[in-house]
Amino acid sequence: MALLSVRNLHARVGDKDILKGIDLEVAPGEVHAIMGPNGSGKSTLASVLAGRDAYEVTQGEVLLDGKSLLGMAPEARATEGVFLAFQYPVEIPGVGNLHFLRTALNAQRRVRGLEELDAMDFLQLAKEKSKLVQLDQAFMNRSVNEGFSGGEKKRNEIFQMAVLEPRLGILDETDSGLDIDALRTVAGGVNALRSPSRAMVLITHYQRLLDYIVPDKVHVMAAGRIVRSGGRELALELEEKGYGWLGLKDGPGGKGGEARR
Amino acid sequence: MTAGLARYLDVASRFQARGAASEPAWVKRVRQQGLAQFERQGLPTTRDEAWKYTPVSPIAEGHFAPVEDVGDTAALAARVEALALPGPRWVFVDGRFVPALSSVEGLPRGVTLQPLADALRDDGARLESELGQRALAEAHPFTALNAALLEDGAVLRLARGALSEVPVQLLFLTRGDAPVLASPRVVVVAEEGSEATLVETYASAGGAGPTFTNAVTEVTLGDNASLHHFRLQAEGDAALHVGGLHVRQGRDSRFASHAFALGAALARNEVHVAFAGEGGDATLNGLYVGRDAQHLDQRTALDHAVPRCSSRELYKGVLDDQSRGTFHGLVRVRKDAQRTDARQQNRNLLLSEKAQADARPQLEILADDVKCAHGAAVGRLDAQALFYLRSRGIPRDEAERLLTYAFARELVEAVPAGALRQRVEGLLARKLPGAARGGVTP
């Protein structure tokens, strides 16, 4: 059975339809990449899966291990095993990074009926997991993402994923804003977290990330739908021919500067 | 004359009539003048500009009166232990000093703490020239009422160069078993080069009925003296509270006020600082946390009357339910007060649709060579941050609590680490979202 099943998913913001019928099946152990031009709805899909309430789901269903996620609060989805690595991780002054993460882990453990970790045990765990993405101790004790560089923020996201050990990791443009060294580090962390029981969905504009995290399947989104699915070679073909090859323009305005970043 | 004013005048007249014949003439005069000033000014209403945001009608309509005899207070010992820190503490119940609950053990040499009643009787020569000099009865109706009912309180004296490392604590408990009017007066005189920390805690005990605390503290800081003043107002849900802290700073003196307004149905907390010598430095920190229908007003006035003084002011409000908070901060820089450096910040966090905050900064700058900055803001919890926390599995109420505490923590961390900060954290924890409803006192 698929770990994640998205069926005929429609969603909108206000009266603007953004997702217009997404179908996606991801099996345990698989890594799927979702590519597409700006404005195609990739990031909206990530937000809807994680439960951001700015979006209204008008049709369809999302199942994790056969259990419906729609209608669940974001914290309940997290406890079911959904993790979203944010494209723009939020800075939260005054909330310590480690305190935040221990609160999150213990909240999840509580719901699952597991014993909470005390400060010492948690610190041990955090130290071990931080090595995956070479996150310096100094960052662990600062306020959440406050004053972090772009690369540090993305490493912090993967560090959190490592600690929370989700069933499904959704990585929303985790590669954006990273130089090649940071990209290697982050990708290394993600690869280390691949496991037969865990699935990942990588959302990206560029195929570059897929040189480091090799996906099992690649999907191309455009105008709120998945217009093409295939293997790894689909990403390479896109890289070579551009989105125009699929009859797509490179995104309607707004974020059009992204390609030049 | 309103019925409320007539009732207070009657209460004060009876109080003055019962005073012992042996009391010094000057004390009687202070009370009589207080009564006259109170009658002249009357009870304020929201039509008075200075009271526009403070609906004093519960005070005007209440039948509050001073307590003559507090009776047996032994049952309060546990409450005192829960609220006080180790070290010297004086405990007042319903406005009256209770020696049996108090201890001056640990007061260092050069630091003396005297019950106001004793000082009025024995120390008239000095006290007459100090009492009522910072807090002027003619300038404030509730200061006048406090003077009219002058009887109990404390006098803290710091001799030249005296250094008190342990905080001096004054704990004011009101019992809601009767409509008590408590009017403590605290006089602090810090001589040249002395340093101390004073903690005033206001809390409730006993019944849940209304009480009215009308407290006045007067502080005179000598040259190069330093005082850290903490005011923890955590009275019960039915309490009414008016507090005035009046400070005069000598040359190169340092004053820090940390005002936490957590309790009471209606509370107004005023801090007035006047710089009388160059080089003075004042820090005014305030945190007000309201919920239910609480009304919490903060009023500060900084008088930069002389050159080269600096002031730093940071007040933050957290308002939930239908509560309302006001910050009114006056910074006056007089014509001769060149090279003044004054900064004022007020930030408010609204946690519900019906909560309300009014930020009223007021700067009057008559000197030209000054640095003055101020800012005010009213906002809500950051939706992005809330989603981020929840997406990691943190339940909504816990996430709100984390973010709210993050907003307030700057003011908690301005309290030196240790027992006092823990006490502040404990009182605050009872007020933040997700905390059990009910009184804020342990």
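A note on names: the letters A, B, ... follow the listed sequences, proteins ahead of strands, and every chain is numbered from 1.
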What pairs of residues pass the ring-ring contact (aromatic ring centres under 6.0 Å, His included) test when at least one of them lies in residues 102-133 of chain A, not counting sequence neighbours? none

For the residue pair A/H219 and A/H32, is the inter-centroid distance of their aromatic rings smaller than 6.0 Å? yes

Within residues 143-160 of chain A, residues adjacent to chain B where the heavy-atom gap is under 4.5 Å: A/V144, A/N145, A/E157, A/Q160

When you measure from the side chain of B/R360 to the backbone of B/T326, do you find a donor-acceptor pair of N or O atoms at a distance under 3.5 Å? no

Is there a donor-acceptor pair closer than 3.5 Å between any side-chain N or O of A/K129 and the backbone N or O of A/V163? no

For A/R52, is it the side chain, the backbone, both or neither that has a heavy atom under 4.5 Å from a heavy atom of chain B? both

Does B/K316 count as lying over the ring of B/F407, i.e. NZ or CZ under 6.0 Å from the six-ring centre, within 45 degrees of the axis? yes

Taking the six-membered ring for Trp, are the ring centroids of B/Y202 and B/H241 within less than 6.0 Å of each other? yes

Give the minimum heavy-atom separation between A/M200 and A/R194, together with the two atoms involved. CE-N, 3.9 Å

If you tally heavy-atom pairs under 4.5 Å between each of B/A399, B/P395, B/A408 and chain A, the highest tally belongs to B/P395

Can you tell me which of B/L403, B/L402, B/I394 forms the most heavy-atom pairs within a distance under 4.5 Å of chain A? B/I394

Select one option (side chain, backbone, both, neither) describing which atoms of B/R392 are under 4.5 Å from chain A's heavy atoms. both

Using a 4.5 angstrom heavy-atom cutoff, name the option from A/A107, A/A54, A/A104 with the most pairs to chain B. A/A104

Considering only heavy atoms, which portion of A/P166 lies under 4.5 Å from any heavy atom of chain B: side chain, backbone, both, or neither? neither

Pairs of heavy atoms under 4.5 Å with chain B: top-ranked of A/A73, A/P74, A/A50: A/P74

Quick one: does any side-chain atom of B/S204 pair with a main-chain N or O of B/G236 as donor and acceptor, under 3.5 Å? yes

Keeping the roles fixed (side chain from B/Q294, backbone from B/G263), state whether a donor-acceptor pair exists under 3.5 Å. yes

Examine whether an atom of B/E398 lies under 4.5 Å from a heavy atom of chain A, and if so say whether it belongs to the side chain, the backbone or both; otherwise answer neither. side chain

I'd like to verify something: which residue of A/T103, A/N106, A/T79 has the highest number of heavy-atom pairs under 4.5 Å with chain B? A/T103

Kindly state whether the ring of B/F327 and the ring of B/Y53 have centres lying under 6.0 angstrom apart. no

